[in-house]
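Below, chain A is the first sequence line, B the second, and so on; all start at residue 1. Values in this document were obtained by computation on a predicted structure and should not be read as measured data.
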Protein chains: 2
Amino acid sequence: MSTLILIVEDEEDILELMEFNLGREGFETMGFLNTKRVIEVLEEEKVDLILMDRNLPGTEGSEFVASLRRSGINTPVIFISAKDKDEHIEEGFERGGDDYLTKPFSMKELVLRVKAILRRTQKTSVEGNVTYRDITLNLASRTVIIENSPVELTKLEFDLLYALMGNQNVVLDREYLLEHVWGGDEMYQDRTVNVAINRLKEKIDPDKSKEYIKTVRGVGYTLC
Amino acid sequence: MSTLILIVEDEEDILELMEFNLGREGFETMGFLNTKRVIEVLEEEKVDLILMDRNLPGTEGSEFVASLRRSGINTPVIFISAKDKDEHIEEGFERGGDDYLTKPFSMKELVLRVKAILRRTQKTSVEGNVTYRDITLNLASRTVIIENSPVELTKLEFDLLYALMGNQNVVLDREYLLEHVWGGDEMYQDRTVNVAINRLKEKIDPDKSKEYIKTVRGVGYTLC
DNA sequence: TATTACTGTCACGGTTTGATTACAATAGTT
DNA sequence: AACTATTGTAATCAAACCGTGACAGTAATA
């Protein structure tokens with residue numbers, strides 16, 4: 001489960017240099033000199049990050065990214081450009097870029113910015129510490145700390161709480177929860193969720209004084 | 001429910017300039033000249049992003065952030081520094097920074113980088129907002145803010161208001177509303193809509209001073 | 001102003017929805 | 001295999017929600 005970085009850069013020597021340095025840090029890379037085959041690759045492979053030159057012959061890199069965004073592809077992007085005027089930086093960000101590097105840049109900085117973006121975007125799966133108020137989930141050890149004390153949860157309860165904590169301020173309906181927490185193709189009834197939620201509430205807030213989980217009548221449940 | 005940015009910067013004029021520019025973009029800011037009271041604030045308020053000067057007298061900003069991370073606080077951080085040597089940038093990133101700005105930087109770039117970080121970290125709450133005058137609906141959390149205060153609506157009321165807000169300046173007749181808000185194939189009477197509209201009016205404008213919803217006699221209702 | 005049609009308001013009660021408990025079935029452990 | 005923990009389902013209860021009908025209020029028209 002390594003990290004795959006896709007690079008589009010028309011200057012071949014720079015492309016090689018980038019691939020070499022990122023490879024040395026343990027990243028897998030795929031280099032392209034233009035955007036021709038990029039969309040296919042994005043559909044086939046799970047790409048974690050795109051490094052995109054903005055000054056490509058033909059297509060503008062930022063226009064390409066804008067079209068990716070329009071078709072629902074939200075892979076993070078770092079733009080690379082020789083231009084360093086504000087207007088261009090602005091355009092890059094507005095079109096869905098996550099960071100911006102201007103040539104010439106050091107390979108060290110490239111690696112650092114790549115790591116920072118990845119840290120932010122794969123936070124949950126890699127680092128694995130999610131917090132909400134005084135609740136902390138550790139995904140690796142599947143442990144739960146509430147008010148500095150450990151709380152024991154079953155697998156189902158943990159997964160359910162994780163789903164809620166990963167979607168703070170979002171109302172999750174029962175269908176969604178059955179799909180994402182229970183998963184599989186078993187058929188369950190909506191009531192099943194009610195009972196599971198109540199068992200979870202009982203464990204994380206026995207006094208019923210915290211009101212972590214709010215039920216939204218007719219819709220579902222939320223952490224807010 | 002706006003976005004709160006916490007800034008630590010010991011140069012007072014720069015702090016003011018940052019607060020002014022971010023405020024103009026609609027962000028709430030809290031400025032500090034040192035890290036003394038910051039931890040308390042982070043525990044009390046829901047801070048969305050921290051801007052941290054690394055060259056503070058006394059504590060190193062990056063050391064402070066590292067300690068935040070150790071105590072499980074994962075609020076995103078942008079470091080700000082006069083140093084632009086690689087080694088310092090590296091230290092900032094390694095200690096849990098999400099981005100790095102070196103002085104002097106333009107306010108435009110600051111704002112852009114702030115937005116890029118927020119886009120990644122709070123995708124749910126930024127998207128899917130509908131507004132009309134001083135009413136804001138958040139579809140994900142199904143919350144309603146009117147004049148900066150939350151208002152509680154039932155599922156039906158929320159769906160009804162959403163239908164109206166999604167069709168501003170369009171008169172929706174009762175048949176349309178029954179079809180789109182009530183849905184299903186149940187048969188309801190037109191009067192049902194009247195009562196629902198009035199219950200909604202009562203909740204979003206108890207004083208009857210705003211006149212959000214206009215009734216178009218013989219036709220239906222509209223938001224205009 | 002008088003008439004009429006439409007809309008607002010209120011109270012009532014049925015229906016839906018969720019919380020809670022108990023029980024059964026299943027999986028995991030000793 | 002016996003035991004325990006886990007979890008789905010059924011049953012019961014309480015409460016929120018909302019559809020309906022009756023009537024008052026209001027706007028339109030002549």
Under 4.0 Å: is that the gap between some side-chain N or O of [X] and OP1 or OP2 of [N]?
| X | N | value |
| --- | --- | --- |
| B/Y221 | C/dG8 | yes |
| B/T154 | D/dA16 | no |
| B/T215 | C/dC6 | no |
| B/W182 | D/dC18 | no |

Gap between atoms [atom1] and [atom2], on [X] and [N] respectively (whole Å):
| X | N | atom1 | atom2 | value |
| --- | --- | --- | --- | --- |
| B/L177 | D/dG19 | CG | P | 12 Å |
| B/R174 | D/dG19 | CZ | P | 14 Å |
| B/N194 | D/dT26 | CG | P | 16 Å |
| A/I213 | C/dG18 | CD1 | P | 14 Å |
| A/E157 | D/dG8 | CD | C1' | 13 Å |
| A/K208 | C/dA19 | NZ | C1' | 8 Å |
| B/E186 | D/dC18 | CD | P | 14 Å |
| B/N198 | C/dC10 | CG | P | 10 Å |

For the residue pair [Y] / [X], report whether a side-chain donor-acceptor contact shorter than 3.5 Å exists.
| X | Y | value |
| --- | --- | --- |
| B/T154 | B/E157 | yes |
| B/Y100 | A/R113 | no |
| B/R191 | B/N194 | no |
| B/Y212 | B/D134 | yes |

Taking only the side-chain heavy atoms of [X] (C-beta and beyond), determine which of [options] contains the nearest atom.
| X | options | result |
| --- | --- | --- |
| A/Q189 | D/dC18, D/dA10, D/dA28 | D/dA10 |
| A/V195 | C/dA5, D/dT9, C/dG8 | D/dT9 |
| B/R217 | D/dA27, D/dG19, C/dG18 | D/dA27 |

>> Nearest 0.5 angstrom please: A/I117 CD1 to B/D98 CG, how far?
In response: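 Answer rounded to 0.5 Å: 8.5 Å.
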> NA contact type, A/I197, heavy-atom cut-off 4.0 Å: base, sugar-phosphate, or nothing?
Replying inline: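 No contact.
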> B/K155 near the nucleic acid: base, sugar-phosphate alone, or nothing, with a heavy-atom cut-off under 4.0 Å?
Replying inline: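 The residue B/K155 makes no contact with any strand.
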>> On DNA chain D, compare the nucleotides closest to A/L153 and B/R199; which residue's is nearer the 5' end?
In response: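 Between the two, 5'-proximity favours A/L153.
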> Has the side chain of A/R191 got a donor or acceptor atom sitting under 3.5 Å from an opposite partner on the base of D/dA10?
Replying inline: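 Answer no: no donor N or O sits under 3.5 Å from an acceptor.
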